[in-house]
Amino acid sequence: MAGWLVKSEPNTYSFEDLQRDGRTVWDGVRNNAAALHLKAMKAGDEVLFYHSQEGLAVVGIARVSREAFPDATDPSGRFVAVELEPVRPLARPVTLAEMKANPALSEMAMLRQSRLSVSPVRPEEWRAILGMAG
DNA sequence: GCCAACGTTGGC
DNA sequence: GCCAACGTTGGC
């Protein structure tokens, strides 16, 4: 069971929006590295939901409810989407500053390449973040 | 608002 | 195929 992290600007689509909607199509990714991660997601994989621009924190956990399929918003047909459903919010958001300060997360993909909108999370990183969430 | 990082585009 | 120019993301 792999772990992932997705970024979203809460002004555009927040974790609360996902909870309200029950599920959402995660489309619009137009970056090859991010798209490779989307393609690697399996149904049931869990996904940390990070708020960029505003909040700057991991705020909840989602789950892949449908594996990669063609992104209907992409005319070229090169990119894929997945479907996500909410699992639960974190008891306490884990901020970017806290993550940067934790040596256990120094290798984390999202910290090493800040613009990557979909990235893998290693099991030990997942445990560290959930530990920080209390 | 600025700027660093990085991806993409297009001329050659 | 190289690389300069340009656009976008996202933290500060």
Side-chain angles (χ1 to χ4, degrees):
Chain A
M1 186 74 60
W4 309 94
L5 180 145
V6 298
K7 293 182 180 181
S8 186
E9 296 181 31
N11 291 333
T12 304
Y13 197 84
S14 67
F15 189 71
E16 291 73 22
D17 291 329
L18 178 60
Q19 289 181 293
R20 182 201 59 214
D21 293 346
R23 64 181 46 194
T24 196
V25 173
W26 208 256
D27 59 12
V29 172
R30 295 291 181 272
N31 171 283
N32 280 312
L36 284 175
H37 297 315
L38 280 185
K39 286 179 185 171
M41 288 183 181
K42 298 299 177 193
D45 282 359
E46 292 198 321
V47 181
L48 297 174
F49 197 106
Y50 175 82
H51 280 172
S52 62
Q53 316 276 25
E54 298 278 334
L56 305 189
V58 176
V59 296
I61 300 174
R63 181 189 294 118
V64 177
S65 49
R66 188 180 166 200
E67 294 177 20
F69 54 91
D71 182 342
T73 69
D74 172 29
S76 79
R78 293 186 298 142
F79 291 102
V80 296
V82 298
E83 188 181 80
L84 298 180
E85 62 186 10
V87 175
R88 60 184 165 87
L90 296 187
R92 195 182 66 79
V94 176
T95 66
L96 178 66
E98 291 176 280
M99 287 165 41
K100 283 184 172 175
N102 188 338
L105 302 179
S106 61
E107 303 285 305
M108 194 173 171
M110 76 135 344
L111 296 180
R112 306 205 90 177
Q113 194 180 344
S114 65
R115 286 183 50 203
L116 196 54
S117 59
V118 182
S119 59
V121 180
R122 295 177 183 151
E124 64 270 25
E125 294 166 345
W126 188 280
R127 281 194 297 276
I129 290 167
L130 289 203
M132 294 160 84

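In what follows, every chain begins at residue 1, and chains take the letters A, B, ... in the order their sequences are listed. Please read all numbers here as calculations on a predicted model, not as lab measurements.
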| request: Summarise protein proximity over nucleotides 4-10 of chain B in one line of letters, 5' to 3': B for base, S for sugar-phosphate only, - for none, counting protein heavy atoms closer than 4.0 Å. | output: -BBSS--
| request: Taking the side chain as every heavy atom from C-beta outward, state whether A:Ile61 and A:Leu130 have any pair of such atoms under 4.5 Å apart. | output: yes
| Does any non-hydrogen side-chain atom of A:Val80 lie less than 4.5 Å from one of A:Met41? | no
| field | salt bridge (Lys or Arg N to Asp or Glu O under 4.0 Å) partner of A:Glu83, chosen from A:Arg63, A:Arg23, A:Arg66 | value | A:Arg23
| Distance in angstrom units between A:Glu54 CD and C:dG11 P, rounded | 11 Å
| task | Examine A:Leu18 and A:Val47 and state if one hydrophobic cluster contains both, with Ile, Leu, Val, Met, Phe, Trp and Tyr joined whenever side-chain heavy atoms are less than 4.5 Å apart. | result | yes
| task | Decide if atom CZ of A:Arg92 counts as having more than 12 heavy atoms of other residues, nucleotides or ligands within a radius under 6.0 Å. | result | yes
